[in-house]
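Okay, so here's the structure we're looking at.
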Amino acid sequence: MKERMRQSGFAYIAAVVLLVVVAGISVALLRLSATQQQTVNQNLLGVRASMAARGGMEWGLYQLRANACFGDQTLTDFMADTGFRVRVRCSVRSFSEGESAPGAPIAKNAYRIEAVACNAASCPAPTGADVVRPDYVERRRVATVCMTATGDGC
């Protein structure tokens, strides 16, 4: 009479399949966690850039108290605190609007202040190596202020 051989080894195959499935889930969760961390870091950099641009805008508005445009300035004061360089530009457009009591036109100046903050060597970053960095962030704020020649608001 022939002796039957016992079948064994199914538990080993099931254990290997289970380990592969658990490893796949672990890798997916690890990638999701890394993506979440990158998203949080980008959001933080964006907020810091926005605040640096706002600081540059406030600096530019303060410079207008003398009713004169300051041109193009790069502020490096923010580099130590935020890691962002801020470039502030001012342009002016003069025009006449309305008339004063004696019939003379009222001279007015429209100032455009633009503040750009970025974490590159120059702001705004030229199309090049700085822009393709995954941590590159740039924020821009623009304000328009109207003043009469005497410094009053429009």
Side-chain angles (χ1 to χ4, degrees), residues 1-95 97 108-147 151-154:
M1 199 152 119
K2 284 184 169 181
E3 208 174 295
R4 272 193 169 170
M5 295 188 64
R6 272 181 69 210
Q7 292 186 358
S8 62
F10 178 74
Y12 293 124
I13 294 172
V16 167
V17 168
L18 183 66
L19 283 175
V20 168
V21 169
V22 169
I25 291 172
S26 298
V27 167
L29 289 176
L30 207 68
R31 292 182 111 195
L32 180 65
S33 174
T35 303
Q36 289 284 337
Q37 186 64 36
Q38 287 175 348
T39 303
V40 167
N41 287 340
Q42 281 295 99
N43 190 23
L44 180 63
L45 284 174
V47 168
R48 287 170 56 192
S50 182
M51 290 293 111
R54 181 179 177 177
M57 178 62 63
E58 290 180 6
W59 178 87
L61 291 172
Y62 181 75
Q63 299 304 313
L64 283 182
R65 73 191 186 282
N67 203 13
C69 210
F70 51 85
D72 194 353
Q73 297 283 328
T74 299
L75 308 177
T76 57
D77 300 344
F78 299 102
M79 287 295 292
D81 296 332
T82 64
F84 286 90
R85 183 178 313 276
V86 181
R87 184 174 182 182
V88 184
R89 294 182 194 154
C90 178
S91 59
V92 63
R93 187 173 149 218
S94 299
F95 61 96
E97 182 179 58
K108 295 185 178 183
N109 295 325
Y111 297 97
R112 182 178 188 270
I113 300 174
E114 178 182 13
V116 181
C118 70
N119 57 351
S122 66
C123 280
T127 53
D130 285 334
V131 178
V132 296
R133 288 188 345 215
D135 65 337
Y136 175 76
V137 177
E138 177 180 307
R139 294 293 184 267
R140 180 180 310 259
R141 289 191 174 229
V142 178
T144 304
V145 178
C146 183
M147 295 172 139
D152 300 331
C154 292

Using only atom types and a distance under 3.5 Å, with no angle test, would you say the side chain of N119 pairs donor to acceptor with the backbone of D135?
yes

Looking at every non-hydrogen atom in both residues, tell me the closest pair between G56 and A115 and how far apart they are.
C-CB, 4.0 Å

Which heavy atom of A117 sits nearest a heavy atom of A52, and at what distance?
CB-CB, 3.9 Å

Main-chain N/O of Y62 paired to R65 side chain as donor or acceptor, under 3.5 Å:
yes

Could you list all the disulfide bond (SG atoms under 2.5 Å apart) pairs where at least one residue sits in residues 42-94, not counting sequence neighbours?
C69-C90

Could you tell me the separation between the CZ atom of R140 and the CE atom of M57, rounded to the nearest 0.5 Å?
10.5 Å

Nearest-0.5 Å distance that lies between atom OG1 in T74 and atom CZ in R89
8.5 Å

Measure the spacing between CZ of F84 and CZ of R139 and express it to the nearest 0.5 Å.
8.0 Å

Between N109 and F95, what is the shortest heavy-atom contact and its length?
C-CE2, 4.4 Å

Of the non-hydrogen atoms in K108 and C146, which two are nearest, and what is the gap between them?
CD-SG, 4.3 Å

Check against side chain to side chain contact (heavy atoms under 4.5 Å, CB included), C118 and R87
CA-CA 9 Å; C118 70; R87 184 174 182 182; over 6 Å; no

Whether the side chain of T39 engages the backbone of T35 through a donor-acceptor N/O pair (distance < 3.5 Å, no angle test) should be reported.
yes

One pair to check against side chain to side chain contact (heavy atoms under 4.5 Å, CB included): L61 and Y111. What are the steps and the verdict?
CA-CA 9 Å; L61 291 172; Y111 297 97; over 6 Å; no

Separation between CG (L45) and OH (Y136), nearest 0.5 Å, reads 12.0 Å

Inter-residue atom distance E114.CD - D72.CG, 0.5 Å rounding
9.5 Å

Take L29 and I25, measure what side chain to side chain contact (heavy atoms under 4.5 Å, CB included) needs, and give me the verdict at the end.
CA-CA 6 Å; L29 289 176; I25 291 172; 4.1 Å; yes

Verify the neighbour count for atom CZ of R54: are there more than 12 heavy atoms of other residues, nucleotides or ligands below 6.0 Å?
no

Residue pair V137 / A49: nearest heavy atoms and the distance that separates them:
CG1-CB, 3.6 Å

Give the minimum heavy-atom separation between M79 and R85, together with the two atoms involved.
SD-N, 3.5 Å

